[in-house]
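Notes follow the structure.
Along the sequence shown, residues carry numbers from 1.
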Amino acid sequence: MEVIRSKNPAEEAGKALQQLLIKYKDQSVLLMLSGGSALTLLDQIAAESLSENLTLTVLDERCSSDENINNFAQIEKTEFYKRASGKKVKTISTKVYDNNGCQEVAEKWETELREWRQENPSGIIIATVGIGLDGHTAGIMPGDYANSFALGKWAVSYEVPKEVNEYTKRITVTPTFMIEQIDFAIVYAAGKEKQVIVKRLENDTDCNQGLTPVCILRKMKSTWLFTDIDTD
């Protein structure tokens, strides 16, 4: 894992993402996007770096039909999505409709992820990744809430108590997927309130993945952490 400190980590992370998209523009790429503050990275992505070889999806999902909560629905509202649509970029949607159950959405998503990999065995998977104050990443919360994480699945649906996260119904890729399938992770963490978590991720050789899910980032193929936090 490489740590890049910057006064403007969102801009630097966005530029790094764009460089990857340009580098692999002529190859099949699956770009998996985190919601929340990580969406600001997309402001740096110019239309010229996008092509019909690119497929967009999310890294995790809040299982809600509310378009102000659902991550994929929020991505659709961005200027980046408009630029992507103009370049005929493909999508794997995780939008939830009133007649969908969370398990149904998760199973459909996993099926489509596996189909993408089968059709693109040498394709590149890039993910933007955020870090929560509690140490969660993607939709993987601290604690043993998702029993399927250890069973080789790529995506799961599960529910956490309200005190764990305000969005209790979650759909997320699993640690198995993150470690085995994602080629490049662009991680964005800003603000002093995340200093403890970033320090633990950067320096703790015994980083506990169960207690602090972001520790999984240390096990992934290529991880770049962009932050404005000085942990010294």
Side-chain angles (χ1 to χ4, degrees), residues 1-61 71-94 112-113 116-117 119-132 137-139 172-173 177-179 181-191 194 198 201-202 214 216-218 220-229:
M1 183 180 72
E2 181 178 354
V3 180
I4 300 95
R5 289 188 168 81
S6 168
K7 292 182 179 179
N8 194 337
E11 180 178 338
E12 295 300 322
K15 288 179 179 178
L17 175 58
Q18 174 159 271
Q19 289 174 358
L20 284 174
L21 293 175
I22 292 172
K23 181 177 181 179
Y24 296 105
K25 187 176 180 180
D26 295 329
Q27 295 179 232
S28 296
V29 173
L30 178 64
L31 176 57
M32 310 186 76
L33 301 173
S34 291
S37 60
L39 289 179
T40 59
L41 277 58
L42 303 180
D43 294 340
Q44 305 299 319
I45 309 304
E48 291 72 23
S49 62
L50 308 174
S51 78
E52 59 186 11
N53 295 323
L54 181 65
T55 300
L56 298 178
T57 191
V58 295
L59 188 65
D60 69 287
E61 190 55 89
N71 284 334
F72 194 89
Q74 291 185 70
I75 290 169
E76 286 184 320
K77 298 176 182 179
T78 64
E79 290 299 318
F80 164 79
Y81 191 84
K82 293 179 183 178
R83 296 193 293 274
S85 297
K87 291 293 184 176
K88 299 181 180 179
V89 165
K90 296 177 284 293
T91 61
I92 298 176
S93 174
T94 51
E112 291 184 288
L113 290 175
W116 183 91
R117 174 51 81 199
E119 294 169 3
N120 304 281
S122 59
I124 301 297
I125 300 182
I126 303 170
T128 62
V129 184
I131 292 178
T137 192
T172 183
V173 293
F177 182 89
M178 294 181 75
I179 292 170
Q181 297 298 321
I182 295 176
D183 297 288
F184 300 99
I186 305 292
V187 187
Y188 169 61
K194 296 183 180 180
V198 171
L201 173 62
E202 186 178 357
V214 295
I216 194 174
L217 299 175
R218 298 167 67 118
M220 294 172 66
K221 296 177 183 178
S222 182
T223 301
W224 299 333
L225 170 60
F226 292 85
T227 184
D228 60 357
I229 300 168

Residues in side chain to side chain donor-acceptor pair (under 3.5 Å) with [X], at least two apart?
{"X": "E12", "value": "none"}
{"X": "E76", "value": "K95"}
{"X": "K88", "value": "none"}
{"X": "Q181", "value": "R117"}

Q) Which pairs count as salt bridge (Lys or Arg N to Asp or Glu O under 4.0 Å) when at least one residue sits in residues 42-58, sequence neighbours excluded? A) none
Q: Sorted by first residue and then second, give each salt bridge (Lys or Arg N to Asp or Glu O under 4.0 Å) pair with at least one member in residues 220-229; sequence neighbours left out.
A: D183-K221
Using a 3.5 Å distance criterion without hydrogens, assess whether the side chain of [X] forms a donor-acceptor pair with backbone atoms of [Y].
{"X": "T137", "Y": "G130", "answer": "yes"}
{"X": "Q44", "Y": "Q18", "answer": "no"}
{"X": "T227", "Y": "A189", "answer": "yes"}
{"X": "R83", "Y": "A46", "answer": "no"}

Q: Under the salt bridge (Lys or Arg N to Asp or Glu O under 4.0 Å) rule, collect the residues that match up with E79, sequence neighbours excluded.
A: K82
Residues which pass side chain to side chain contact (heavy atoms under 4.5 Å, CB included) with [X], listed by chain and number, not counting sequence neighbours:
{"X": "K77", "value": "E67, N68"}
{"X": "N53", "value": "S51"}
{"X": "K87", "value": "A47, L50, V89"}
{"X": "N8", "value": "S6, A10, E11"}

Q.
Per the side chain to side chain donor-acceptor pair (under 3.5 Å) rule, what does the pair list look like for residues 26-37, sequence neighbours excluded?
A. S28-N120
Drop me the distance from [X]'s [atom1] to [Y]'s [atom2], to the nearest 0.5 angstrom.
{"X": "L113", "Y": "M32", "atom1": "CG", "atom2": "CE", "answer": "5.0 Å"}
{"X": "Y81", "Y": "L42", "atom1": "OH", "atom2": "CG", "answer": "12.5 Å"}
{"X": "L33", "Y": "I75", "atom1": "CG", "atom2": "CD1", "answer": "4.5 Å"}
{"X": "K90", "Y": "L30", "atom1": "NZ", "atom2": "CG", "answer": "10.5 Å"}

Q: Evaluate the ring planes of F184 and Y24, with Trp represented by its six-membered ring, and classify them as parallel (under 30°), tilted (30 to 60°) or perpendicular (over 60°).
A: tilted
**Q.** Minimum-distance pair of heavy atoms, taken over all atoms of I229 and A190
**A.** CD1-C, 4.4 Å
Q | Which atom of Y188 lies closest to which atom of A38, heavy atoms considered | A | CD2-CA, 4.1 Å
